[in-house]
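Lettering of chains follows the sequences in order, A, B, ..., and the numbering in each one begins at 1.
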Number of protein chains: 2
Amino acid sequence: MARAGLAAERVVRAGAELADEIGFERVTPSELARKLGIKTASLYSHVKNAHDLKTRIALLALEELADQASAAIAGRAGRDALGAFANAYRDYAFQHPGRFAAARFRLDAATAAASAGPRHSRMTRALLRGYDLPELQETHAVRLLGSVFNGYVELEMAGSFSHSAPSSEESWTEILDALDSLLRNWPASSS
Amino acid sequence: MARAGLAAERVVRAGAELADEIGFERVTPSELARKLGIKTASLYSHVKNAHDLKTRIALLALEELADQASAAIAGRAGRDALGAFANAYRDYAFQHPGRFAAARFRLDAATAAASAGPRHSRMTRALLRGYDLPELQETHAVRLLGSVFNGYVELEMAGSFSHSAPSSEESWTEILDALDSLLRNWPASSS
DNA sequence: TACGTTTGCCTAATGGTCTTAGGCAAATTA
DNA sequence: TAATTTGCCTAAGACCATTAGGCAAACGTA
């Protein structure tokens, strides 16, 4: 039949689809086996256990997320790149809510270091080259952007912005403008 | 036979402690019953089910969080208030990681509206009165601050900032300075 | 083509989970 | 003191994660 590893990858991909359908936190061996039309115990030849399954889905999602971001910033700079990068992140979250939740799954340090997470982080740094930040401030700015994108999408998906005006869409644009402005006028360190 | 003397509220408080000890996502009826020294089934006279238990812990955490924030901004304004407000949030997360995770538990719309969440949001708005924002931009700024605090603490607790220089502490201060600067020089809407 | 190996699924069994139902004795109230 | 409520119990059903051992079909190789 197929080579070793191919089947495992298929299982993980099905797990990612399942996450988008029913939510990442509800992805379990039994639920995935049901979707695949096999017995639960049969999954254990492809995946070590429930935690391993979730970890693999998380790694897949991080990879996809980094790919999207990479495509988004290619050939752009400044506000344009900032918007494209941020939108890639947010759009992915809405198109693949389960995978997006998977991308936020807590990985142990070693696994995280080997994931596409650092790649995403390097892209954020590349994005900032379009702005003229004091070198020491660059890391702070990277962390700020990560925090905003992360936090905004999480709150938005939780519905925090959906029951009051103005629209979340509008806030998102204004916030990107504000961040662009801030990056152009980053305050000198007080220390 | 000696009674454990449990009222529903006591059960919830024990649940909150348990969350801080083992993590919110691992708080379950059986685990909580173990901590209380009673049988799992006995919990069901105090709490409707596992989801109800988690919801009640979340409501408790949101209340505590709003109290901390309220105490923090009393008598302060501007950068001072911003820092105190943000630190109240972050400190709570580190002192009570399980409760903090509980505060981010997805509540249905009605429950969320009746929680202390809106109170916390109103305080953010009060904080912004110290800055001179165009009225239409105030909501955008509220959402930005919520996103940053939320996102930063989440990433920090996940360890994202702990394996590289500069220290997370330093970034936190710089980011608060940057936000203060941004709120003082909020860009005019482009639309 | 024939043969041993690998692969992908199976059944069976263990021990844990959540939840409901019904019961009993202590604490509280009248 | 008598009646009611409270806080726990045992029992049981359904579901879940995981391990162990087995079997048949597909594969690579001689």
Exercise. Select one nucleotide: of D:dT10, C:dC10, C:dG8, the one nearest the side-chain heavy atoms of B:Lys39.
Key: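 Within the option list, the nearest is D:dT10.
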
Quiz item: Hey, is the side chain of B:His46 poking within less than 4.0 Å of OP1 or OP2 on D:dC8, counting only N and O atoms?
Solution: yes

Quiz item: Is the distance from OP1 or OP2 of C:dC10 to the nearest side-chain N or O of A:Ser42 less than 4.0 Å?
Solution: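 Answer is yes, contact under 4.0 Å.
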
Self-check item: Under 4.0 Å protein heavy-atom contact, by nucleotide of nucleotides 13-21 of chain D - B base, S sugar-phosphate only
Solution: ---SSBB--

Please report the distance, rounded to the nearest Å, between [atom1] in [X] and [atom2] in [N].
X	N	atom1	atom2	result
B:Ile38	C:dA26	CD1	P	18 Å
B:Arg10	D:dT6	CZ	C1'	14 Å
B:Lys54	C:dT19	NZ	P	11 Å

Practice problem: Quick one: list whatever passes ring-ring contact (aromatic ring centres under 6.0 Å, His included) with B:Trp186, sequence neighbours left out. | Solution: none

Self-check item: Pairs where residues 15-34 of chain A contributes a residue and the test ring pair (Phe, Tyr, Trp, His ring centres under 6.0 Å) is met, not counting sequence neighbours
Solution: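 Found A:Phe24-A:Phe105.
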
Quiz item: Any ring pair (Phe, Tyr, Trp, His ring centres under 6.0 Å) pairs touching residues 117-136 of chain A, not counting sequence neighbours?
Solution: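 Listed once each, the pairs are A:Phe85-A:His120, A:Tyr89-A:His120.
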
Self-check item: With B:Glu156 via side chain to side chain contact (heavy atoms under 4.5 Å, CB included) - residues at least two apart
Solution: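 Listed in chain order: B:Arg90, B:Phe94, B:Tyr152, B:Phe161, B:Ser168.
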
Quiz item: Would a 4.5 Å heavy-atom cut-off, applied to side chains only, mark B:Tyr44 and B:Leu53 as touching?
Solution: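 SC-SC contact between B:Tyr44 and B:Leu53 ruled out.
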
Let me have the donor-acceptor pairs involving side chains of residues 69-83 of chain A, under 3.5 Å, with sequence neighbours excluded, atom names and distances please.
{"residue": "A:Arg76", "atom": "NE", "partner": "A:Ala72", "partner atom": "O", "Å": "2.9"}
{"residue": "A:Arg79", "atom": "NE", "partner": "A:Asp177", "partner atom": "OD1", "Å": "2.9"}
{"residue": "A:Arg79", "atom": "NH2", "partner": "A:Asp177", "partner atom": "OD1", "Å": "3.0"}

